[in-house]
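Okay, structure first, notes after.
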Amino acid sequence: AGLALSGVLYWGPRVWPGIFLGALCVQLTERTSVYEAGLLSLPALGLLGNAIGPTLQALLGVGLIRRAHEFPTRVRRARDIFWRIWRGGPVACVVAATIGTASLLVMGLVPTAAMGNVWVTWWFGDALGVFVVLPLAMAWRSDLRELRPRAHAIVLLVLVGACTLSILAFISVRDREWGRARATFEGQAVQMSDELLRIIDTKAELLYGIANLYRVRNSINRQDFHRFVDPYLERHEDLAAIGWVPVVLSSEVAEFETRINRLDYHDLDFEVTERGEADFPVPVDVTENREHAVVTYIQPEARNRAAVGYDLASEKAREEALENARQTGKPHVTAPIHLIQDGGTATPAILLLAYYSRETDESPSFHHPDAFMSGVLRTDEMIQRALAKYYEKDISFRVRDVTDPSEPGLLCPAPDGHQPPANAERHLAVVRTTSIAGREWQLEAWALPSYAAQPVWLGALGTLGGGLLCTA
């Protein structure tokens, strides 16, 4: 802003095309998305506005200066110099700040709630640019030509020294404020990770409760199971289903099907199935002597009926979680999966807990569970609900399963389609990995432009502005 104003002031309005092209080139290097959107798109029009703003601002600033003051003005007339800087700086800089902020809004880079902060930061930055450059330009073109070389050097040394001290003070305060803001933001990211742990622990306690019911009652039928888990489902809307999954040997499958059909499934032909081609369930292969984890009871049953009889051990991600739950005796969650009852379209995860009909002092890895408790988690709804208060504070986020770094799975996309910043070092952004139910969940959190802790630069800008104003 200071260079543009000084250029028009000393070489006349004919230099405006250079200002416009310079501002446009800067915008093109920073807003590469305009190449994909097209020249007549809103991003392109917004980019054009960001180049027009500085050009009009420089022309208006020179008009205000020339209208009120004789030009050039001698350096020793401090009052005229002050008003020249005032008109060319804080007054004229309203133009680029207003047009630029509106352009960013049109380009979709700034939400409406953040316009005030963006405008103030833009205006302050341009005004400071005028404070830095215009006094030096005026001194160089006027009184300095009448001074002796030694005095010339002294004046320039004082000006450069004062500007340097102001900039060093700005950098120091800026770094301190940035460090404080980053520490605050990282603390909030830790709280978000803890919230994820807490919500999974809550779901695990639910499965423990159902397992204890089985341990006390010894035998529970289909109706008992439904009546018991319905209240839990009403209170946990992010649970897609709760299931009872007995472990059945291949040699016992036929007898198990007959018994379940006789006791519980009079309205449905219960059959043990496994995942076949194209993700469709097919009758389980009993020629292999192995264990099957069979979904026997599930609630709500109406929308999960396709999962009844399904062998969870017939698919790799589920089998891995089953084995981990068996070996540790603790809840384990699967990687993001496709549900057989959703036709392979949804990608939730299943929390599994091994159930033993009797307590034992042996390590879980030395004996086989009687069954598993399963909870189908709508991970996107669950995580967004758990972290909603942070989004209200203008912190966006997404969560991925990075247990296998080569194939990360998306557990929760960013709300409203926000994407993490490309350069995290220049933004308030944190990546935090936490072990959750046997998996590695990675939380990516970043501040939106309207983040409540911003602007973090006000103290630093105030320091710079005061120093440069004194210098001027």
Side-chain angles (χ1 to χ4, degrees), residues 203 206-207 210-211 214 220-223 225-226 229 233 239-326 331-355 368-379 409:
K203 308 307 180 190
L206 187 155
L207 299 186
I210 299 174
Y214 269 87
I220 293 179
N221 60 29
R222 178 184 175 193
Q223 286 70 32
F225 181 82
H226 291 181
V229 303
L233 290 171
L239 270 175
I242 299 175
W244 168 249
V245 187
V247 176
V248 182
L249 296 176
S250 296
S251 59
E252 300 171 350
V253 166
E255 188 275 332
F256 180 77
E257 291 175 338
T258 301
R259 177 163 55 85
I260 294 298
N261 274 312
R262 184 180 72 252
L263 296 176
D264 289 309
Y265 283 98
H266 308 294
D267 57 335
L268 178 68
D269 184 16
F270 180 88
E271 181 182 30
V272 179
T273 59
E274 61 184 4
R275 184 179 294 272
E277 295 183 3
D279 289 339
F280 288 108
V282 296
V284 70
D285 182 5
V286 296
T287 59
E288 298 180 11
N289 187 22
R290 62 182 181 88
E291 292 181 343
H292 307 273
V294 183
V295 178
T296 304
Y297 304 144
I298 190 168
Q299 186 67 5
E301 187 179 283
R303 65 169 178 260
N304 293 286
R305 181 153 292 190
V308 174
Y310 182 68
D311 177 15
L312 297 184
S314 66
E315 191 268 327
K316 181 180 179 182
R318 294 169 173 84
E319 183 182 27
E320 180 180 329
L322 289 167
E323 181 62 20
N324 288 334
R326 182 188 72 81
H332 270 69
V333 68
T334 68
I337 58 172
H338 295 287
L339 293 177
I340 197 75
Q341 58 266 44
D342 285 337
T345 57
T347 54
I350 300 179
L351 184 65
L352 294 163
L353 173 68
Y355 164 77
H368 297 282
D370 299 278
F372 292 90
M373 305 305 307
S374 69
V376 180
L377 308 175
R378 295 190 182 101
T379 54

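Nearest heavy-atom pair across R303 and A240 is NH2-O, 3.9 Å. The minimum heavy-atom distance between A321 and H332, with the atom names listed, is O-CB, 3.9 Å. Looking at every heavy atom in both residues, A317 comes nearest to I337 through CB-CG2, 3.9 Å. Across all their heavy atoms, A354 and A325 have their closest contact at CB-O, 3.8 Å. When all heavy atoms of A211 and Y355 are compared, the closest pair comes out as O-CE1, 3.4 Å. When all heavy atoms of I260 and T296 are compared, the pair lying nearest together is CD1-CG2, 3.9 Å.
Residues that satisfy the side-chain contact (heavy atoms from CB on, under 4.5 Å) test with H292, not counting sequence neighbours, are S250, V253, V284, R290, V294, D311. A search for side-chain contact (heavy atoms from CB on, under 4.5 Å) contacts involving L249 returns S251, E252, E291, not counting sequence neighbours.
D264 places no side-chain N or O within 3.5 Å of a backbone atom of N221 that could act as its donor or acceptor partner. Formation of a donor-acceptor pair under 3.5 Å by the T334 side chain with backbone atoms of I350 is found in this model. Side chain of E271 to backbone of E257: no donor-acceptor contact under 3.5 angstrom is found.
Under the 30°/60° scheme for interplanar angles, the aromatic rings of F225 and Y297 are found to be tilted.
I242 places a side-chain heavy atom less than 4.5 Å from the side chain of L206. Side-chain contact between Y310 and R318 is present, with at least one heavy-atom pair separated by less than 4.5 Å. Side-chain contact between V333 and L377 is present, with at least one heavy-atom pair separated by less than 4.5 Å.
The structure places CG of L268 at 7.0 Å from CD of E301, a figure rounded to the nearest 0.5 Å.
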Run V247 and D370 through side chain to side chain contact (heavy atoms under 4.5 Å, CB included) and show every step you take. CA-CA 6 Å; V247 176; D370 299 278; over 6 Å; no
Yes or no on salt bridge (Lys or Arg N to Asp or Glu O under 4.0 Å) for E323 and R326, after CA distance, side-chain angles and deciding distance? CA-CA 5 Å; E323 181 62 20; R326 182 188 72 81; 2.7 Å; yes
Decide yes or no on side chain to side chain contact (heavy atoms under 4.5 Å, CB included) for R222 and F270, but give the supporting numbers first. CA-CA 12 Å; R222 178 184 175 193; F270 180 88; over 6 Å; no
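Results of the side chain to side chain contact (heavy atoms under 4.5 Å, CB included) test with V295 over T273, L312, V308 single out L312 as the only residue that passes.
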